[in-house]
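Here's the structure, in structure tokens; my notes come after.
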2 protein chains.
Amino acid sequence: MKSNHAISEKHMAGKRPGRPSVDRRDEILDAAERLYEAMGFEKVTVTDVARALGMSPANLYRSFANRQAIDEAVTSRALTAVEDAAWHVARGAAADPVHIFELLCMDIALKMRDLLFWSGRSSDLCLAATRGNWPPVQAFMQTLRGLIRHVIAEGQRQGVMRADLPLEETTAATFSAMAKVWHPVMLDTFGAADLESETAALTRLLLEALKVKN
Amino acid sequence: MKSNHAISEKHMAGKRPGRPSVDRRDEILDAAERLYEAMGFEKVTVTDVARALGMSPANLYRSFANRQAIDEAVTSRALTAVEDAAWHVARGAAADPVHIFELLCMDIALKMRDLLFWSGRSSDLCLAATRGNWPPVQAFMQTLRGLIRHVIAEGQRQGVMRADLPLEETTAATFSAMAKVWHPVMLDTFGAADLESETAALTRLLLEALKVKN
DNA sequence: TTCATGAAAAAATTTATATTCTTTCATCGT
DNA sequence: ACGATGAAAGAATATAAATTTTTTCATGAA
């Protein structure tokens with residue numbers, strides 16, 4: 001799975017005057033990200049982003065259909081970082097799917113917390129995206145679900161997780177259960193005070209259901 | 001001060017001119033509830049409530065410290081109805097704690113859904129209360145947690161649920177897991193389309209962890 | 001005294017207006 | 001042509017003034 005920037009340009013506004021031949025999306029997103037980080041994304045105007053790049057605001061619209069598209073792309077990049085780290089855990093060194101499950105659950109919870117409470121002002125964007133159920137958030141949640149399914153399936157294959165539980169339903173239920181410690185809206189509502197112990201307890205309980213009995 | 005210290009009236013605004021000797025709280029709450037239902041609680045003024053009762057607005061302030069207190073009391077009554085129904089299920093006819101657990105989880109989820117999506121305009125109030133984490137909501141959540149603990153403890157006592165799982169931690173984890181289908185903020189974010197099957201799947205998985213092995 | 005109210009201060013909300021931001025597109029320079 | 005832009009229309013957001021709502025409290029009636 002290589003980076004496929006050149007291909008996935010469904011975002012390229014085809015109707016616009018002329019889209020750039022060289023792709024300046026990443027430049028733009030870098031600048032936007034920096035500004036969002038510095039002053040909170042709600043205070044940043046597209047003029048600010050353009051100025052930071054020494055171009056006119058109008059020029060941004062050849063790379064992005066509108067401001068919402070920029071916001072979503074920045075969101076996407078932030079969430080992709082979490083996804084990548086999580087996939088790394090899931091495919092990582094640890095061989096035992098049970099252990100991987102534990103690591104994965106905790107890793108995601110802590111990364112989401114960081115995103116919301118320690119990512120400077122980027123949390124505004126993350127929260128807005130979550131509240132509005134923006135497409136990148138939906139995609140992200142799908143990825144998380146895929147991760148869970150992957151680990152459970154592997155656990156079942158290796159005989160350390162119960163194979164008599166239906167994979168899809170079990171995946172869905174596990175994913176639902178983790179929402180309390182994974183979902184930004186929940187983290188925002190309850191804060192992240194006992195997040196670690198809560199996540200650990202939740203994970204332990206779920207594993208009691210998933211693990212094969214001794 | 002006289003010998004009158006049998007004051008169970010913790011709610012009585014003590015600092016106010018003279019509090020009523022006969023408690024008109026319930027009357028007031030009835031009127032408020034009716035109005036909230038009819039026109040949405042954000043549109044209702046305390047003057048409206050007072051007028052509905054044929055009294056002056058100022059008079060309400062002898063029974064309630066402020067409008068927020070009225071809103072919270074109405075919220076409290078709505079949530080108490082759910083609590084009561086849930087306790088009824090928990091202590092109800094069904095003898096098997098495992099079955100009670102299933103019924104309880106589903107009952108709460110469906111009642112929360114009704115509150116949010118079918119209670120006319122009362123859902124505004126419920127959502128505002130949940131978003132702001134009002135005290136009645138916190139109390140409600142504590143009650144739900146208590147219900148779960150009760151059922152699990154009973155299941156352990158009867159030997160149908162695993163007694164080797166620590167009661168408090170298991171209760172906490174179970175409660176966390178149910179947030180996805182119980183918590184108004186989640187219901188609001190995701191809608192209630194597949195609520196029943198999601199709740200059923202979640203409950204089944206949790207029971208796999210809680211039940212004793214065959 | 002005890003209960004209740006009118007009237008007014010304080011707070012919040014709405015309305016109207018002004019300013020800024022987003023987005024388009026005709027036009028410029030290469 | 002092609003990438004880029006200035007300028008202006010359309011949206012959205014902020015500011016200010018007016019109105020409504022919440023809350024207090026001194027005073028009156030029972």
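Just so it is clear, the model here is predicted, and its values are computed rather than measured. Note on naming: letters A, B, ... go to the chains in the order of the sequence lines (proteins, then strands), and numbering restarts at 1 for each one.
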Mind listing the closest non-hydrogen atom pair of B:Val151 and B:Ala90 along with its distance?
->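 Shortest heavy-atom separation between B:Val151 and B:Ala90 comes out as CG2-CB, 4.3 Å.
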Could you tell me the separation between the [atom1] atom of [X] and the [atom2] atom of [N], rounded to a whole number of Å?
X: B:Asn59; N: D:dT22; atom1: CG; atom2: C1'; answer: 15 Å
X: A:Gln68; N: D:dA12; atom1: CD; atom2: P; answer: 12 Å
X: B:Leu53; N: C:dC3; atom1: CG; atom2: C1'; answer: 16 Å
X: B:Asp48; N: D:dT20; atom1: CG; atom2: C1'; answer: 11 Å
X: A:Arg51; N: C:dC21; atom1: CZ; atom2: C1'; answer: 12 Å
X: B:Glu42; N: C:dA12; atom1: CD; atom2: P; answer: 15 Å
X: A:Met39; N: C:dC21; atom1: CE; atom2: C1'; answer: 13 Å
X: A:Leu60; N: D:dG3; atom1: CG; atom2: C1'; answer: 14 Å

From C-beta outward on [X], which listed nucleotide comes closest to its side chain: [options]?
X: A:Arg67; options: D:dT23, C:dA4, C:dT23; answer: C:dT23
X: A:Thr45; options: C:dG6, C:dC21, D:dT23; answer: C:dC21
X: A:Asn66; options: C:dT23, D:dT23, C:dT24; answer: C:dT23
X: A:Ala58; options: C:dG6, C:dC25, D:dT23; answer: C:dC25
X: B:Met55; options: C:dT5, C:dT23, D:dT5; answer: C:dT5
X: B:Val46; options: D:dT23, C:dT22, C:dT5; answer: D:dT23

Within the distance-only criterion (no hydrogens, no angle test), does the side chain of B:Thr170 pair as donor or acceptor with the backbone N or O of B:Leu167 below 3.5 angstrom?
-> no
Expected output: side-chain A:Trp182 to main-chain A:Cys105 donor-acceptor under 3.5 Å = yes
Tell me, which pairs form a salt bridge (charged side-chain N to carboxylate O under 4.0 Å, His left out) where one or both residues lie in residues 130-145 of chain B, sequence neighbours left out?
->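 Sorted result for residues 130-145 of chain B: B:Arg131-B:Asp188.
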Is B:Glu27 salt-bridged to B:Arg24, cutoff N-O under 4.0 Å?
-> yes
